[in-house]
Colleague: 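Handing you this structure, nothing more for now.
Quantities reported herein were computed from a predicted structural model and do not represent experimental measurements. Scope of the values below: all heavy atoms of this structure, side chains included, with no hydrogens, waters or symmetry mates. The sequence lines fix the lettering, A, B, ..., with proteins before strands; numbering per chain opens at 1.
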Amino acid sequence: MSTHFFGIKDRVFGYSHTVGRNEFAGTGFRNPVDFALGADDVVYVLNRSYENRPDGVRVTVCTLSEEYISEFGSYGEGDGKFMWASAIAVGDKEQLYIADEWLNRISVFTKDGEFVRQWGKAGKGNGELDRPAGLAISPEGVLFVTDSRNHRVQKFTLDGKYLGKFGSFGDGQGQLNMPWGIALDKAGLVYVADWRNNRIQQFTAAGQWQASFGRTGSGVGEFNRPTGVAVDGDGDIYVADWMNDRVQVLSKDGRFITQFTGDNVISQWGKDKLVSNPDMIRQRQIAQAHSTDFDKKFSHPCAVRVDDKGHIVVLDHTRGRLQVYQKSREAVLV
Amino acid sequence: MDNQDIALMAHLLRRAGFGASRDEIEAKAAQGYQATVEELLNPEGQPGVEEDLLMRYQPAYNEPAAIETNVQQWVYYMINNPRQLQEKMALFWHMIFCAGHSKIDSGQEMGVMIRMFREHGMGNFKELLKRLSTSPGMVYYLDNSESHKTAVNENYGRELLELFSMGVGKDDAFNYSEDDVKACARAFTGWNIAPAFPPFPYGRSPWEFRFDPTDHDDSEKSFLGNVGHWNGDDVLDMLASQPATARFVARHLYNFFVADEVPVPSWRLVPPKDTKAIADMEKAYFDSHYDIRAMLKVLFNSSFFKSEAVRYAKVKSPAEMVAGLMRMVGEHREIKPGIFEISQEPKYMGMDLMNPPTVEGWHTGHEWIDSGTLVERINFAAQHLGNTQLPGVKSMVDRLMASRSAPLSPEQFVDGCLDLVGPLDVAAETHRELVNHAQRGGEAKHRTAAEKTDFTRRAGEMFQMIAATAEFQFA
């Protein structure tokens, strides 16, 4: 018997576990839009919540093994507050950079949630912002911001000094239409989720276009409003294919490898919530017999991150959880 | 442009939609009445709300769980959906096919139901009844989920006949009997809901309709004089073909779009206000094989709809007041924070959207107004119409200045303001009071920067006074 790997034979991807549940405070997330991975498996989850529940607007700090650490931030326009929080990134000394696409500013916090400073001004000029949507920080300390309604990427120092920009409105090579997520690979190449063009674009750090991956659709290698992108040490590209409710995995040359559509098994925090609600345990059990998929699948996954331990972490927006996958070199029997 | 054309177009856009800014009214008037009616009736030819953007900036709108979020989303659509008649029909059916969050306790299901009305509200009435009867929210709201082969619950069967299709009676006669109610309820046994995931820990799953043949009473039934092993589909077939149903739908359309009818419980004994109008729509109903769009086409092209006698003769519902005002003043015409507060305003004015008081819906017409709701309406309207920073108000002020290079007399100033918020006719006494107020400021000059500033202030003040008139409460 022969086995066909179609050129991909040294990696497998398996579901590992789930972190979180829908919650307005404490051990859970509410309409999370982005997250960042810190040292020691710490995760910072940025919760947008919604207008009539501003109490859910916050950053939840926990670990990938679902230990709750703390939360900080709140709804509003003052220092350290968020209106439309959109993106989070970890910088030097594990300081946290958080974009707000209504206030058009970047706020900086210590890893313990202490407000440090903020900067940003609405506009279209150099260094001005119109709905910053995605953040990525290079090892050299350059902050890349997808400036979505200006259809460009801007570069800043970590204290907000303008360094440069690339991209303009359009659907040609290197042009952008409301970009959202952004990531860097180990070589320093920049990957942008070109949201309304339904593709990922690759640039040099200086902004020179290198490649475009994907097109509109729901098939293999096609996207419907990609929101988040991450690149691992092998150069594999992970794309949160938001309105297709999946994450696609592409090789570094853009070839489709596989996709995740969600495999949730209830998290510990989820169990904790249900333990005090036996009626819901019963209801859930009966529902599972009718539909096994609902509970497992992604709903509008909007961000994906990877770490150096082979974790691929997917932010499952509507369900308020992180689904964690594991990349492995070994063959895994599932 | 002819003032009569503007006035007629403004009337059409208030009734077939949620009103419009003066710029939009003039653009549509230039396009022509007939063409605008066709555009309203065929929404699929126009772009809709950009849902990807809406989900991006309001991500909770995807599978929205909270009732407040669903109401927000709907109010946003009322203000911004370019397919305005589609949105008005969603409100129309919500006010007839009443189901409410107070019992359903799932904001998401209410949102799903409104979306169904939006997408199918201008289609075939029989198909709409089928969608309604298989809407999980309605199945639950009217207890069909508790109606079993061995223990029938008559609630849905009764309301389907009384409130959703034929009505109690017409031309003095009763349309159906108690036995028909029982047979109808039996026909719908087994029309139920599949088990759904609970809210914790990851959110509810959308409810799904499920037919359970083992719980369906398949025995012989007599319904409206026809005998057979009827199920729900058979009942809907028979209901759609009834003259009483055509009458019922036509009177509702007339009541909503043209002029207030007597309350529904009186329809058996009180004939329609305009029997020919109703007859014309009944004919369209049968000629088109139950197509709501065909009835609307007759209505909007009729002389009874265009008549000056019916303009500003209906009290605006709170939803019309709020969405219409936002459209006029140009507020929340883009996705931005603050829509939650706006979406709660209809409730403060007596219309808790997605949560009607009973299955019979709201008491409409002059019953929208009491001392409390009137204050809410006036305050809300005055607050926005007096804000000359809002783009729609600013545009009206600019138009008023541009209407005459010379200073405006107090009468010209008042008439200009009334024209721009309507065109609105007010009672002579009201007009006199407005002019008296304007006279205190003398002529309205707008040559120098200081004069322009004062002109703008006075215009905002005059718009606020107009918002407080009785006439402004009407659509």
Colleague: Side-chain donor-acceptor pair under 3.5 Å between Gln248(A) and Asp241(A), yes or no?
Modeller: yes
Colleague: Measure Tyr61(B) against the heavy atoms of chain A and call it side chain, backbone, both or neither at under 4.5 Å.
Modeller: neither
Colleague: Need one label for Ile67(B): side chain, backbone, both or neither, based on atoms under 4.5 Å from any heavy atom in chain A.
Modeller: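 No part of Ile67(B) comes within 4.5 Å of chain A.
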Colleague: When heavy-atom pairs shorter than 4.5 Å are enumerated against chain A, which of Glu341(B), Gln58(B), Lys336(B) gives the highest number?
Modeller: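 Sorted descending by pairs with chain A, the first entry is Lys336(B).
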Colleague: Identify which part of Gln288(A) has an atom lying under 4.5 Å from any heavy atom of chain B, answering side chain, backbone, both or neither.
Modeller: both
Colleague: Does any heavy atom of chain B fall under 4.5 Å from the side chain of Arg131(A), the backbone, both, or neither of them?
Modeller: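 Contact with chain B is through the side chain of Arg131(A) alone.
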Colleague: Name the member of Gly203(B), Pro59(B), Ala66(B) that forms the most heavy-atom pairs with chain A at distances under 4.5 Å.
Modeller: Pro59(B)
Colleague: Return yes if a side-chain donor-acceptor contact under 3.5 Å exists between Asn31(A) and His317(A), otherwise no.
Modeller: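 Yes, because at least one side-chain N or O of Asn31(A) sits under 3.5 Å from a partner of the opposite role on His317(A).
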Colleague: Taking side chain as everything from C-beta outward and backbone as N, CA, C, O, which of these in Asn264(A) sits under 4.5 Å from a heavy atom of chain B? Side chain, backbone, both or neither.
Modeller: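 Side chain only.
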Colleague: Please state whether the side chain, the backbone, both or neither of Arg56(B) comes within less than 4.5 Å of a heavy atom of chain A.
Modeller: both
Colleague: How about Asn62(B) and Ser299(A): does a side-chain donor come under 3.5 Å of a side-chain acceptor?
Modeller: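 Checked: Asn62(B)/Ser299(A) side chains pair up, N/O donor to acceptor below 3.5 Å.
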Colleague: Look at the rings of Phe294(A) and Phe197(B) and say which category their plane angle falls in: under 30° parallel, 30 to 60° tilted, over 60° perpendicular.
Modeller: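 Aromatic pair Phe294(A)/Phe197(B) classed tilted.
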Colleague: Is chain B contacted by the side chain of Arg225(A), its backbone, both, or neither, given a heavy-atom distance below 4.5 Å?
Modeller: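 Only the side chain of Arg225(A) comes within 4.5 Å of chain B.
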Colleague: Would you say the side-chain atoms of Thr216(A) and Asn198(A) include a donor-acceptor pair closer than 3.5 Å?
Modeller: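 A pair is found: one side chain offers a donor N or O, the other an acceptor, under 3.5 Å apart.
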Colleague: Between chain B and each of Asn22(A), Asp295(A), Asn52(A), count heavy-atom pairs under 4.5 Å; write down the option with the most.
Modeller: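 Of the options given, most contacts go to Asn52(A).
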Colleague: With ring-ring contact (aromatic ring centres under 6.0 Å, His included) as the criterion, how do Trp362(B) and His94(B) come out once you've worked through the C-alpha distance, each side chain's angles and the decisive distance to 0.1 Å?
Modeller: CA-CA 10 Å; Trp362(B) 289 277; His94(B) 177 54; 5.5 Å; yes
Colleague: Could you tell me which portion of Trp180(A) (side chain, backbone, both or neither) has an atom closer than 4.5 angstrom to a non-hydrogen atom of chain B?
Modeller: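 Contact with chain B is through both the backbone and side chain of Trp180(A).
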Colleague: Do you see a donor-acceptor pair shorter than 3.5 Å between the side chains of Lys394(B) and Thr388(B)?
Modeller: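 No.
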Colleague: If you count heavy-atom pairs within less than 4.5 Å of chain B, which of Val33(A), Ile266(A), Asn224(A), Asp272(A) leads?
Modeller: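 The candidate making the most pairs under 4.5 Å is Ile266(A).
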Colleague: Relative to chain B, which segment of Leu274(A) carries a heavy atom at a distance below 4.5 Å: side chain, backbone, both, or neither?
Modeller: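 It is the side chain, since no backbone atom gets that close.
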Colleague: Would you mind telling me which of Arg53(A), Arg21(A), Arg319(A) has the largest number of heavy-atom pairs within less than 4.5 Å of chain B?
Modeller: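 Of the candidates given, the most pairs with chain B belong to Arg319(A).
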Colleague: State, without any angle test, whether Ser145(B) and Asn192(B) hold a side-chain donor-acceptor pair at a distance under 3.5 Å.
Modeller: no
Colleague: Let me know if Thr18(A) has heavy atoms under 4.5 Å from chain B in its side chain, its backbone, both or neither.
Modeller: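 Contact with chain B: side chain only.
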Colleague: Does either side chain, that of Lys297(A) or that of Thr261(A), offer a donor lying less than 3.5 Å from an acceptor on the other one?
Modeller: yes
Colleague: Which bit of Glu208(B) comes within less than 4.5 Å of chain A, counting heavy atoms only: side chain, backbone, both or neither?
Modeller: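 The side chain, not the backbone.
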Colleague: Between Asn150(A) and Lys124(A), does any side-chain donor sit less than 3.5 Å from a side-chain acceptor?
Modeller: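 Yes.
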Colleague: With no hydrogens and no angle check, is any side-chain donor or acceptor of Asn355(B) less than 3.5 Å from a backbone partner on Ser102(B)?
Modeller: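 Side chain of Asn355(B) to backbone of Ser102(B), a donor-acceptor pair under 3.5 Å: yes, one is there.
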Colleague: Give the member of Gly320(A), Ser267(A), Ser86(A) that has the highest number of heavy-atom pairs under 4.5 Å with chain B.
Modeller: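 The option with the most such pairs is Ser267(A).
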Colleague: Using a cut-off of under 4.5 Å on heavy-atom pairs, state which of Arg30(A), Met243(A), Lys273(A), Met83(A) scores highest against chain B.
Modeller: Lys273(A)
Colleague: Does any backbone or side-chain atom of Pro64(B) lie under 4.5 Å from a heavy atom of chain A? Answer side chain, backbone, both or neither.
Modeller: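 No part of it gets close to chain A.
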Colleague: Less than 6.0 Å separating the ring centroids of Trp242(A) and Phe223(A)?
Modeller: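 No, too far apart.
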Colleague: At a heavy-atom distance under 4.5 Å, which candidate from Arg196(A), Gln285(A), Lys271(A) has the highest pair count against chain B?
Modeller: Arg196(A)
